[in-house]
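Below: the structure, in structure tokens.
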Amino acid sequence: MSNKDQAVKNMDLSQELAEFIAKNPKAVKKIPRSSTFVAFSSKDEQLNKANEKLIASLMQEGKKVIKAIQTNDKFNPWKFFPVASI
């Protein structure tokens, strides 16, 4: 996957995540504001593999990373996991 394709797909997925967070702020209440979210698709394994590499890069930069995993559950469409180390 090219960097451009990854960026476009991540922007689309991040928009869905941002809309969820805006409507459900309690879902991320305990997550530090300085965290970086990396979204994972419920459908696109190629994007998810590329985003695993992105997490590794962010961790090397010393960022606090939250893995946001899209689900197929309409009542709980996202799950959040802090990434301690890769």
Side-chain angles (χ1 to χ4, degrees):
M1 170 177 298
S2 72
N3 288 341
K4 180 180 177 183
D5 289 341
Q6 182 182 7
V8 169
K9 288 181 177 190
N10 275 330
M11 284 189 283
D12 291 340
L13 197 55
S14 293
Q15 181 177 351
E16 290 181 45
L17 175 59
E19 289 171 6
F20 171 77
I21 291 171
K23 292 177 184 174
N24 303 280
K26 289 182 182 180
V28 295
K29 185 177 180 180
K30 294 181 181 181
I31 296 173
R33 292 185 187 262
S34 61
S35 299
T36 300
F37 287 86
V38 178
F40 284 75
S41 172
S42 63
K43 302 170 190 147
D44 191 335
E45 281 303 315
Q46 187 177 15
L47 176 62
N48 295 343
K49 287 179 184 177
N51 282 349
E52 286 291 350
K53 293 177 184 175
L54 175 59
I55 285 178
S57 175
L58 291 168
M59 297 291 291
Q60 287 178 342
E61 293 175 16
K63 308 247 180 177
K64 294 178 187 172
V65 179
I66 302 297
K67 193 173 191 178
I69 301 175
Q70 185 182 44
T71 72
N72 292 317
D73 181 347
K74 69 178 182 176
F75 298 109
N76 295 303
W78 292 93
K79 291 186 179 185
F80 303 98
F81 302 95
V83 179
S85 63
I86 298 281

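From a predicted model like this one, the values you see are computed outputs, not experimental measurements. Side-chain atoms are counted along with the backbone in the values below, which use heavy atoms only and exclude waters and symmetry mates. Just so you know, residue 1 is the first one in the sequence shown, and it goes up from there.
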With sequence neighbours excluded, tell me which residues meet side-chain hydrogen bond (donor to acceptor under 3.5 Å, both in side chains) with [X].
X: Ser34; value: none
X: Asn24; value: none
X: Gln46; value: none
X: Thr36; value: none

Excluding Met11, membership of its hydrophobic cluster (Ile, Leu, Val, Met, Phe, Trp, Tyr; side-chain heavy atoms within less than 4.5 Å) reads Val8
For residues [X] and [Y]: do they belong to one hydrophobic cluster (side chain heavy atoms under 4.5 Å, members Ile, Leu, Val, Met, Phe, Trp, Tyr)?
X: Ile69; Y: Val65; result: yes
X: Phe40; Y: Met59; result: yes
X: Val28; Y: Ile55; result: no

So, for Ser35 and Ile66, which heavy atoms are closest and what is the spacing to 0.1 Å? CB-CG1, 3.6 Å
I need the minimum non-hydrogen distance between Ala68 and Leu17, along with the two atoms involved. CB-CD2, 3.8 Å
Excluding sequence neighbours, so at least two apart, what forms side chain to side chain contact (heavy atoms under 4.5 Å, CB included) with [X]?
X: Gln60; value: none
X: Asp73; value: Thr71, Phe75, Asn76
X: Asn10; value: Gln6, Leu47, Asn51, Leu54
X: Asp5; value: Met1, Ser2

With rounding to the nearest 0.5 Å, note down the distance linking CG in Leu13 to NZ in Lys43. 9.5 Å
To the nearest 0.5 angstrom, please state how far the CG atom of Leu58 sits from the NZ atom of Lys53. 14.5 Å
For residues 61-70, pull every pair meeting side-chain hydrogen bond (donor to acceptor under 3.5 Å, both in side chains), keeping only residues two or more places apart or in separate chains. Glu16-Gln70, Ser42-Gln70, Glu52-Lys67
Among residues at least two apart in sequence or on other chains, which ones pass ring pair (Phe, Tyr, Trp, His ring centres under 6.0 Å) with Phe37? Phe80
Under the ring-ring contact (aromatic ring centres under 6.0 Å, His included) definition, can you give me all pairs with a residue in residues 41-71, not counting sequence neighbours? none
